[in-house]
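Beneath this line is the structure, given in structure tokens, with notes to follow.
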Amino acid sequence: MGEQTQTLDLVSIRNDFPILNQKIGKHPLIYFDNGATTQKPLSVIQSIENYYKTFNANIHRGAHFLADKGTTAFEGSREKLKNFINAETAEQVIFTKGTTESFNIVASGLAKSYLKAGDEILITGMEHHANIVPWQMACETSGAILKVIPVLENGELDMESAEKLLSEKTKVLSFVYVSNSLGTINPAKELIQKAQKLGALTMLDCAQAVGHFAVDVQDLGADFIAFSGHKMFGPTGIGILYGKKNQLENLPPFQGGGEMIKEVTFEKTTYNELPFKFEAGTPNIADGIALGTAVDYIQSLDRQAVEAHELELLQLATNIIENKAGLRIIGTATHKSSVVSFVSDHAHPSDLGTLLDQYGIAVRTGHHCCQPLMRRFEIPGTVRISLSFYNTKEELNAFSGHLDKVLGMLS
Ligand code: PMP
């Protein structure tokens, strides 16, 4: 704290996040678990409160003032998200529960409409379970086969193997932009282009990207993109599926019910147009609106300054871990987001996490929903510190001192 870069006023930024200003026991909270979920600025919290206090009503169908106001706010939020990711149109921005649901919509839809026995779905060895299991389920129903691009020792993708694995049989390439457990930033555009040359559909997991740097869906060119609101300073229970218009139109609906229909008879139902075809039932109105407020918040920041600050934090965190005897960083890719995962020669990750918690330090320990990746590195899990722009060098230095004490206790 007390630090001020040219354009990033950390004192004022931290004041925007009320949760950060508290003690856990005797110690100030040090929140290093942003990969799991980010904290929410006051404006997002107030947006939820304001909706329930002043204009709660069901949207789209209502013929009264509050319903109109809610519809305008919800659709206004969709427009903000469209601009945030540079989508071509707002109808290509589907509100979902989050990244996981977005993957399930696409994988289950493609299993019904596109995949055939013997087709190949290519993912990578560093995927979150959300980008593994839905495809395995799609393989079960369609007879497609799952293939995996291996991960190198430094946590980068084995691009030579990727070249070999990509073929005319590849019908889907789905992979993570930024690895939640290693921090690796993958060469997304390059891989997408290679797959598209072979005629494959592409899907990009942007869960860990959108909270750190600008994601331009038109520039990346993926057919589908998924992310979660709660990892970009917005609420839980809301996220986005973006898709190219023709791909979304070709994809069958995920759930049936109200809102997603054009006309229902007992003989036959016709489906609504985009985006409503994929938004069955009453949507998560309050959180959808508040996600737009999170976009406003991110866009009020100097994003270049945010990236520069996060890079400094990454470098300091890397130095701290590298310089402690018996610790080893898992994931040393050249291009990394502000994540440092490590293991100790002497201590189990969960013991380290539990003891760090005694000093008010929130880290993640375990497999980070990437069990195959942990198996690849032959480890039970890691201790992961995942940093956001509101974290400070002072917090990292305090963490370093506490980590010494914890390592001393466990050696
Ligand atoms: N992919 C990645 C890379 C993630 O980090 C996460 C969340 N840890 C997910 C997918 C799943 O996101 P959610 O639980 O919000 O659906």
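Residues take their numbers from the sequence shown, with the count starting at 1.
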**OP:** Under the side-chain contact (heavy atoms from CB on, under 4.5 Å) rule, what do Q92 and K82 come out as? Steps first, then yes or no, please.
**Re:** CA-CA 8 Å; Q92 291 163 262; K82 172 217 157 213; over 6 Å; no

Original post:
Between F95 and F74, does the ring centroid distance fall short of 6.0 Å?
Top reply: yes

Original post:
Step by step, would you call S102 with T96 a side-chain hydrogen bond (donor to acceptor under 3.5 Å, both in side chains)?
Top reply: CA-CA 6 Å; S102 301; T96 67; 3.0 Å; yes

Subject >> Pair D223-T202, side-chain donor/acceptor within less than 3.5 Å >> reply: yes

Subject >> Check: N131 side chain, F103 main-chain N or O, donor-acceptor pair, under 3.5 Å >> reply: no

Original post:
Going by heavy atoms in the side chains, are M137 and T141 under 4.5 Å from each other?
Top reply: no

Subject >> Donor-acceptor pair, side chain of H309 and main chain of N391, under 3.5 angstrom >> reply: yes

Subject >> With Y177, the side chain to side chain contact (heavy atoms under 4.5 Å, CB included) member among V215, D205, V210, I225 >> reply: V215

**OP:** Could you tell me if the ring centre of F389 sits under 6.0 Å from that of F233?
**Re:** yes

Original post:
Will you find, in the side chains of N50 and T54, an N or O donor that is under 3.5 Å from an N or O acceptor?
Top reply: yes

Subject >> Donor on one side chain, acceptor on other, Y390 and N34, under 3.5 Å >> reply: yes

Original post:
Hey, does the side chain of Q218 reach the backbone of N86 with a donor-acceptor pair shorter than 3.5 angstrom?
Top reply: yes

**OP:** Examine distances only and state if a side-chain atom of S228 and a backbone atom of T99 form a donor-acceptor pair shorter than 3.5 Å.
**Re:** yes

Original post:
Are the charged groups of E249 and K277 less than 4.0 angstrom apart, N to O?
Top reply: no

**OP:** Check for a donor-acceptor pair, side chain of E127 on one end and backbone N or O of V176 on the other, with a separation under 3.5 Å.
**Re:** yes

Original post:
Hey, is the main chain of I59 close enough, under 3.5 Å, to the side chain of T71 for a donor-acceptor pair?
Top reply: no

Original post:
Distance only, no hydrogens: is a donor on one side chain within 3.5 Å (strictly under) of an acceptor on the other, for H60 and E75?
Top reply: yes

**OP:** Could you please spell out the steps behind the side-chain contact (heavy atoms from CB on, under 4.5 Å) verdict for N250 and Y114?
**Re:** CA-CA 9 Å; N250 290 340; Y114 167 76; over 6 Å; no

Original post:
How about N319: does its CG atom have over 12 heavy atoms from other parts shown lying under 6.0 Å from it?
Top reply: yes

Original post:
Side chains of T392 and R14: closer than 4.5 Å at any heavy-atom pair?
Top reply: yes

Subject >> K324 atom NZ: more than 12 heavy-atom contacts under 6.0 Å >> reply: yes

Subject >> Heavy-atom donor-acceptor pair, T382 side chain to H367 backbone, under 3.5 Å >> reply: no

Subject >> K112 versus P252, closest heavy-atom pair with distance >> reply: CB-CG, 4.2 Å

Subject >> Heavy-atom neighbours of F213 CZ exceed 12 at 6.0 Å >> reply: yes

Subject >> Distance-minimising heavy-atom pair for G125 and V148 >> reply: N-CG1, 3.4 Å

Subject >> Atom NZ of K69: over 12 foreign heavy atoms under 6.0 Å >> reply: yes

Subject >> Closest approach of I329 to E322 (non-hydrogen atoms, all atoms of both residues) >> reply: CD1-CG, 4.0 Å

**OP:** Give a yes or no on whether a salt bridge exists between E153 and R376, defined as a side-chain N under 4.0 angstrom from a carboxylate O.
**Re:** yes

Original post:
Would you say the side chains of H346 and S411 form a donor-acceptor pair under 3.5 Å?
Top reply: no

Original post:
Short question: side chain of E310, backbone of S388 - any donor-acceptor pair under 3.5 Å?
Top reply: no

Original post:
Counting only heavy atoms not in Q22, do more than 12 sit closer than 6.0 Å to its CD atom?
Top reply: yes

Original post:
So, for G35 and S386, which heavy atoms are closest and what is the spacing to 0.1 Å?
Top reply: N-OG, 2.7 Å

Original post:
With under 30° as parallel and over 60° as perpendicular, where do the rings of H27 and H402 fit, or are they tilted in between?
Top reply: perpendicular

Subject >> Under 3.5 Å donor-acceptor, T170 side chain and A200 backbone >> reply: no

Original post:
With side chains defined as the heavy atoms from C-beta onward, is the minimum distance between P275 and R78 less than 4.5 Å?
Top reply: yes

**OP:** Taking the side chain as every heavy atom from C-beta outward, state whether L204 and L191 have any pair of such atoms under 4.5 Å apart.
**Re:** no

Original post:
Do other residues, nucleotides or ligands put more than 12 heavy atoms under 6.0 Å from Q304 CD?
Top reply: no

**OP:** Measure the shortest side-chain to side-chain distance between E88 and K245 over non-hydrogen atoms and say whether it is less than 4.5 angstrom.
**Re:** no

Subject >> Side-chain donor or acceptor of Y242 paired with backbone N/O of A222 under 3.5 Å >> reply: no

Original post:
Looking only at heavy atoms, what is the nearest atom pair of C370 and S181, with distance?
Top reply: SG-OG, 3.5 Å

